[in-house]
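Along the sequence shown, residues carry numbers from 1.
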Amino acid sequence: MPLEPFATSAPLTFGVELELQLVSLSDFDLTPASPDLMHLLKRKPFPGNVTPEITESMIEINSSVQTHYRTLLAELLDIRDTLVAASDVLNIGIAGGGTHPFQHWSEQRISAKPRYQELSALYGYLAKQFTVFGQHVHIGCASGDDALFLLHALSRYIPHFIALSASSPFVQGHDSGFDSARLNSVSAFPLSGRAPFTLSWADFADVYFAKMERTRIIKSMKDFYWDLRPKPEYGTIELRVCDTPLTVERAAALAAYLQALCRHLLERKEAPPLEDDYLVYNYNRFQASRFGLDGVITHPKTYEQLPLREDIIATLDLMEPHAQALGSLDALPHLAAAASDGGDASFLRGQYERQGSAEGMVDAAIRRFRGR
């Protein structure tokens with residue numbers, strides 16, 4: 001069936017989705033507790049939305065649609081506190097982080113939801129290996145054309161969000177050498193990567209999507225695992241490259257940064273996005289995933305080599321007037337401090353050295369999520 005029309009959405013409204021780890025407090029491995037947790041949470045009002053994820057050791061939380069950083073942060077804190085109280089009843093831990101450091105994908109259970117069972121049948125072991133944890137941010141757009149403009153204009157800044165959220169250095173019991181190893185799991189899927197270059201919603205929907213639908217490879221936008229994708233049913237674009245941060249404070253700050261960047265880009269004072277911008281996209285994405293804040297990226301217009309940390313800090317300064325107008329100025333110092341002092345990947349490696357075990361590192365992540 002044809003792609004649905006792009007819904008009306010208030011520009012620059014935003015919302016956050018976080019995939020979270022459910023951890024046994026006896027051995028600090030992942031535990032398939034989502035059915036019990038979901039049952040417990042249904043007994044009382046939940047300040048947002050919570051759903052099961054592809055394996056039973058994961059859940060996803062969703063904020064409501066928000067306009068301001070402070071109200072988003074307040075809601076995420078409320079959601080966190082509700083989850084922590086429920087986890088105490090079940091004697092489990094809840095943590096952020098893009099990967100669990102030593103879980104084995106072969107031991108995971110696929111959730112009972114029909115879509116997840118279908119994905120398991122299609123993708124085989126990749127479905128269980130997809131026990132990784134990300135933050136998605138939705139930004140409201142006035143039209144489908146604005147959505148595609150923002151989607152491609154943001155490609156220059158994708159490494160910022162990878163590096164600032166990177167929290168998945170350990171995989172299957174070993175330091176991967178990547179700050180964000182999670183993205184390597186995402187890249188294994190055949191419909192991952194980037195959206196095709198078009199700035200016209202009519203061309204995207206009536207030409208590209210129509211052709212893809214005729215191939216019978218895809219049925220809806222959910223079948224694309226792009227780094228950024230339009231969500232016409234919500235009237236948004238969705239950023240999907242972030243690891244789940246260790247704290248909801250970091251998650252809210254990242255969303256506010258994206259909101260400010262979109263406001264800046266919609267002024268259309270920067271050179272417009274071009275297909276050739278993607279010549280450097282995959283390598284910049286790799287630099288941010290592999291080296292985090294210490295990466296070096298190539299500017300898509302000038303081909304200048306930019307230390308990623310310095311580029312982030314300079315862009316945060318540039319965003320101050322937009323953050324001021326949006327009421328999110330408090331978010332920028334949080335990210336500037338992370339860029340200067342080291343992010344969640346550095347924290348996790350430091351905890352591994354300090355605690356002397358991966359179990360101790362997971363315990364530290366649980367405590368950090370709880371705000372302790």
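- Atom CZ of Phe189 sits in a crowded spot, with more than 12 heavy atoms from other residues, nucleotides or ligands closer than 6.0 Å.
- Residue His39 qualifies as open at atom NE2: its count of foreign heavy atoms under 6.0 Å is 12 or below.
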*Determine, stepwise, if the pair His138 / Phe14 fulfils ring pair (Phe, Tyr, Trp, His ring centres under 6.0 Å).*
CA-CA 5 Å; His138 288 261; Phe14 60 165; over 10 Å; no
_salt bridge (Lys or Arg N to Asp or Glu O under 4.0 Å) between Lys219 and Asp223, intermediate numbers included_ = CA-CA 7 Å; Lys219 296 179 181 177; Asp223 295 318; over 6 Å; no
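- Ring geometry for Trp226 against Tyr208 counts as tilted: the plane angle lies between 30° and 60°, on a 0 to 90° scale.
- Judged purely by atom type and a 3.5 angstrom limit, Arg290 uses its side chain to pair as donor or acceptor with the backbone of Gly177.
- Scanning for side chain to side chain contact (heavy atoms under 4.5 Å, CB included) contacts around Val248 gives Leu18, Leu76, Leu77, Arg80, Phe369, with sequence neighbours left out.
- Remark: His174 NE2 is loosely packed, at most 12 non-hydrogen atoms of other residues, nucleotides or ligands lying under 6.0 Å away.
- In this structure, the side chain to side chain contact (heavy atoms under 4.5 Å, CB included) partners of Ser176, at least two apart in sequence or on a different chain, are Val171, Phe178, Ala181.
- Environment of CZ in Arg268: crowded, with over 12 heavy atoms of neighbouring residues, nucleotides or ligands closer than 6.0 Å.
- Enclosure of atom CZ in Arg367 by more than 12 non-hydrogen atoms of other residues, nucleotides or ligands within 6.0 angstrom is indicated.
- Using bins of under 30°, 30° to 60° and over 60° for the plane-to-plane angle, the ring pair Phe170/Tyr352 lands in the tilted bin.
- Around NZ of Lys222, the count of heavy atoms belonging to other residues, nucleotides or ligands within 6.0 Å does not exceed 12.
- For Lys128, there are no salt bridge (charged side-chain N to carboxylate O under 4.0 Å, His left out) partners, not counting sequence neighbours.
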